[in-house]
Number of protein chains: 2
Amino acid sequence: MKARRDVYQAIADPTRRAIINMIAAQPHNVNAIAANFDVTRQAISLHIQILADCGLINVKQQGRDRVCEARLDQLGEISVWVDQYRQHWENKLDNLEKYVVNLKNERNGKQSK
Amino acid sequence: MKARRDVYQAIADPTRRAIINMIAAQPHNVNAIAANFDVTRQAISLHIQILADCGLINVKQQGRDRVCEARLDQLGEISVWVDQYRQHWENKLDNLEKYVVNLKNERNGKQSK
DNA sequence: TATAAATGCAAGCATTTGCTTGCGCAAGTA
DNA sequence: TACTTGCGCAAGCAAATGCTTGCATTTATA
């Protein structure tokens, strides 16, 4: 039943993207998240389960709370997939390698080395 | 009924991603695309319609053929969305880079240069 | 002009999805 | 020890999805 959904499907739902957006800024427990939507806690709970299933969020028990925090490295898969078509909407594409390297250097420049 | 699906949903389906991949390399008509999948032409036709609906592909009539070509600038939306969370997985950028380099080599190896 | 090729349209159908309500249970709190 | 809070589990349901088969239509071709 729980056909392990992939990341593409996980982010296909706007509510789930909103959840990601919420906890990416800061971890929240299930109820706190649900409070921000019009649907039931149960509905949100299910979304959270789906997101957790494909590794986009991390849920840890803290007393009676289940705190959800973003763990979005799975998005890298999407990023790579999309980027391979970058040439279709940007001339800049050409090689992705440069793109990634630049990105990495940028990041490193901000922190170490 | 056919609530215009957004790009996120469009790429959520693996078959549709495969179609994109196919015509991104080169335009094809509907039958040619369908020939590459196990499902019926009708099923593929529907996928194509969905992709066309959200602007990911362009279909033009050529005689009795309907030639589909990729027009992926809509992917930019996804790219931007994903990129805003890049910090969540950037520490794995090295792996990503490796992945991309592989991807590139694979492609180049098969074609030119 | 028949015949084949390339498609779209429509009806039917099994699943999957997204939600809801109802209930139970464990962890804090009065 | 009662009561409240945070949540999951499960059943039920309507709508959306992904496919299929059958039929009609337009454009090439022999």
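Every chain is numbered from 1, with letters handed out A, B, ... down the list of sequences.
- Not counting sequence neighbours, A/Asn36 has no partner by the side-chain hydrogen bond (donor to acceptor under 3.5 Å, both in side chains) test.
- OP1 or OP2 of C/dT17 has not a single side-chain nitrogen or oxygen of A/His47 nearer than 4.0 Å.
- Here the SG atom belonging to A/Cys68 is positioned 4.5 Å from the CD1 atom belonging to A/Ile57, to the nearest 0.5 angstrom.
- Rounded to an integer number of Å, the gap from A/Asp13 CG to C/dT16 P is 18 Å.
- Under the side chain to side chain contact (heavy atoms under 4.5 Å, CB included) criterion, A/Ala43 pairs with A/Val39, A/Thr40, sequence neighbours left out.
- Residues meeting the side-chain hydrogen bond (donor to acceptor under 3.5 Å, both in side chains) test with B/Tyr85, sequence neighbours left out: A/Asn21.
- The hydrophobic cluster containing A/Leu46, built from Ile/Leu/Val/Met/Phe/Trp/Tyr side-chain heavy atoms closer than 4.5 Å, also comprises A/Ile50.
- Taking only side-chain nitrogens and oxygens, A/Gln62 never comes nearer than 4.0 Å to OP1 or OP2 of D/dG6.
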What pairs of nitrogen or oxygen atoms, one from the protein and one from nucleotides 21-27 of chain D, lie under 3.5 Å apart?
| unit_1 | atom_1 | unit_2 | atom_2 | d |
| --- | --- | --- | --- | --- |
| D/dG22 | O6 | B/Gln42 | NE2 | 2.7 |

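- Straight-line distance from the CG atom of A/Leu51 to the P atom of C/dT17: 14 Å, rounded to whole Å.
- B/Arg64 pairs by the side chain to side chain contact (heavy atoms under 4.5 Å, CB included) definition with nothing, not counting sequence neighbours.
- Residues of residues 25-36 of chain B that place a heavy atom closer than 4.0 Å to DNA chain D do not occur.
- Remark: P of D/dC7 and CD1 of A/Ile44 are 12 Å apart, rounded to the nearest angstrom.
- Rounding to whole angstrom units, CD1 of residue A/Ile50 and P of C/dT16 are separated by 13 Å.
- Contact between the side-chain N/O atoms of A/Ser45 and the OP1/OP2 oxygens of D/dC7 is not found at any separation under 4.0 Å.
- Residue B/Arg66 has no polar side-chain atom (N or O) positioned under 4.0 Å from OP1 or OP2 of C/dA6.
- Rounding to whole angstrom units, CD of residue A/Gln49 and C1' of D/dG8 are separated by 8 Å.
- Take B/Arg16 and apply the salt bridge (charged side-chain N to carboxylate O under 4.0 Å, His left out) test, not counting sequence neighbours, and it matches no residue.
- The side chain of A/Gln9 lies closest to C/dT17, out of C/dG18, C/dT17, D/dG18.
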Report the C-alpha distance between B/Ile20 and A/Trp81 in whole Å, list the side-chain angles of each, state the deciding distance to 0.1 Å, and finish with yes or no for side-chain contact (heavy atoms from CB on, under 4.5 Å).
-> CA-CA 11 Å; B/Ile20 287 177; A/Trp81 186 80; 4.0 Å; yes

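- Applying the side-chain hydrogen bond (donor to acceptor under 3.5 Å, both in side chains) rule to A/Gln61 yields the partners A/Arg66; only residues at least two apart in sequence or on another chain are considered.
- If you measure from atom OH of A/Tyr8 to atom P of C/dT16, you get 22 Å, rounded to the nearest angstrom.
- Distance CG (B/Asp65) to C1' (C/dA5): 9 Å, rounded to an integer number of Å.
- Out of C/dC19, D/dG18, C/dG18, the shortest distance to the side chain of A/Thr15 is found at C/dC19.
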